[in-house]
Amino acid sequence: MSDTLSTTAPQAGSPLVSVRGLSKHYGGERRLLGGSAPLLKAVNDVSFEIAPGETLGLVGESGSGKSTTGRILLQLETPTAGNIAFRGQDITGLSKHALKPYRRDMQIIFQDPYASLSPRMQVGEFVGEPFDVHGLSGSRSERQDRVASLFRKVGLDPSFMKRYPHEFSGGQRQRVNIARAIALNPAFIVADEPITALDVSIQAQIVNLFQDLQDELGLTYLFIAHDLSMIRYLCHRVAVMLRGRIVEIGPCEAIFDNPQHAYTRALLSAIPVPDPDIERSRRPLSFDVNANLPSEEAVLRPVGDRHFVLEG
Ligand SMILES: Nc1ncnc2c1ncn2[C@@H]1O[C@H](COP(=O)(O)OP(=O)(O)O)[C@@H](O)[C@H]1O
Ligand SMILES: [Mg+2]
């Protein structure tokens with residue numbers, strides 16, 4: 001893992017993914033006997049862009065709306081309001097049929113590497129399944145070769161193809177999921193807390209793999225995490241989410257070296273420091289979410305180069 005910040009964020013040209021005014025509300029339906037179910041604004045007026053080859057980190061506590069944002073981006077869920085554009089095309093609310101060409105290009109990787117695998121399917125079959133779904137399998141031996149090459153790309157020995165998920169460690173299982181996600185040469189991957197369930201020692205290896213694959217394949221990532229600890233090594237920019245809103249977004253170095261929002265500062269203060277002397281004196285800042293909820297009128301204001309913070 002490189003210990004320098006990723007400072008050269010790709011910016012040229014138009015964004016690969018852009019979302020404008022995205023909201024997802026749950027509840028609020030009128031009840032038969034009057035009144036309405038409580039309204040939850042899981043995602044509330046979120047806008048951002050991701051450039052080709054860029055990694056945007058999306059960070060915030062559990063329940064802040066990160067997964068919902070990721071699922072809406074891939075059109076696995078429909079937004080209450082707002083638009084999603086992919087390669088400049090508005091894909092909001094497209095039919096299943098119209099979405100099909102985009103499905104190959106946009107993939108998702110989940111937190112629990114075991115849950116996504118089929119326990120009774122050899123992992124080689126699992127990794128090659130997208131070829132079958134899209135009619136790209138070719139002959140038996142072509143398929144084997146392509147799966148073997150995917151295994152090598154994610155650092156797994158191709159001889160493991162015939163094994164079952166329970167024969168793998170957590171990190172290896174996540175490698176299997178990543179192999180499947182890149183099978184169809186996608187442009188964009190939503191990685192929804194892909195390292196959260198892994199041992200800390202394994203987390204860095206998987207972060208390295210994401211980085212290597214980005215360099216090799218030119219992938220663009222939305223990388224979701226509930227804390228900032230690994231984000232520094234992987235992301236070009238970071239968006240911090242709180243109760244459905246982005247409270248701060250900016251280049252990685254601005255977020256880490258010049259955080260503006262109290263919530264970002266609290267998240268930063270929670271990262272353990274490898275040096276035991278510093279770690280002993282580290283004081284996590286507390287942040288009372290309920291006392292500091294952004295108002296509905298709050299807007300993102302520029303505070304630096306491509307660096308915005310929610311005010312109000
Ligand atoms: N299908 C759903 N129905 C009702 N509420 C939901 C649904 N999905 C998510 N939520 C709520 O939306 C909020 C955001 O959830 P989520 O996007 O999963 O957050 P995160 O990924 O940041 O933990 C949470 O309060 C969650 O309980
Ligand atoms: Mg989540």
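Computed from heavy atoms alone, side chains included, the values below leave out hydrogens, waters and symmetry copies. One-based numbering, in listed order, for ligands and for the atoms of each.
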Exercise for the section: Answer yes if the side chains of H307 and E248 hold a donor-acceptor pair under 3.5 Å, and no otherwise. Expected result: yes
Handout entry: Side chains of E193 and H226, donor plus acceptor under 3.5 Å
Key = yes
For [atom], closest protein heavy-atom neighbour:
| atom | answer |
| --- | --- |
| atom 4 (C) of ligand 1 | Y26 CG, 3.4 Å |
| atom 18 (O) of ligand 1 | S67 CB, 3.8 Å |
| atom 19 (O) of ligand 1 | G65 N, 3.2 Å |
| atom 14 (C) of ligand 1 | G63 O, 3.4 Å |
| atom 22 (O) of ligand 1 | K66 NZ, 2.8 Å |
| atom 16 (P) of ligand 1 | T68 OG1, 3.6 Å |
| atom 12 (O) of ligand 1 | A42 CB, 3.3 Å |
| atom 11 (C) of ligand 1 | L40 CD2, 3.4 Å |

Completion exercise
S62 heavy atoms within 4.0 Å reach ligand 1 at atoms 23 (O)
Problem - Heteroatom N/O/S of S67 within less than 2.8 Å of the Mg ion (ligand 2) - result: yes
Practice task
Could you tell me whether some N/O pair between S64 and ligand 1 is separated by less than 3.5 angstrom?
Solution key: yes
Charged N to carboxylate O under 4.0 angstrom, [X] versus [Y]?
| X | Y | result |
| --- | --- | --- |
| D212 | K153 | no |
| E125 | R140 | yes |
| R71 | D192 | no |

Exercise for the section: Examine F160 together with F151 and report whether their ring centres are nearer than 6.0 Å. Expected result: no
Exercise for the section: On the 0 to 90° scale, with breaks at 30° and 60°, tag the Y102-F86 ring pair as parallel, tilted or perpendicular. Expected result: perpendicular
Practice task
Quick one: sort the Y263 and F287 rings into parallel, tilted or perpendicular, breaks at 30° and 60°.
Solution key: tilted
Handout entry: Heavy-atom gap E61 to ligand 1 smaller than 4.0 Å
Key = yes
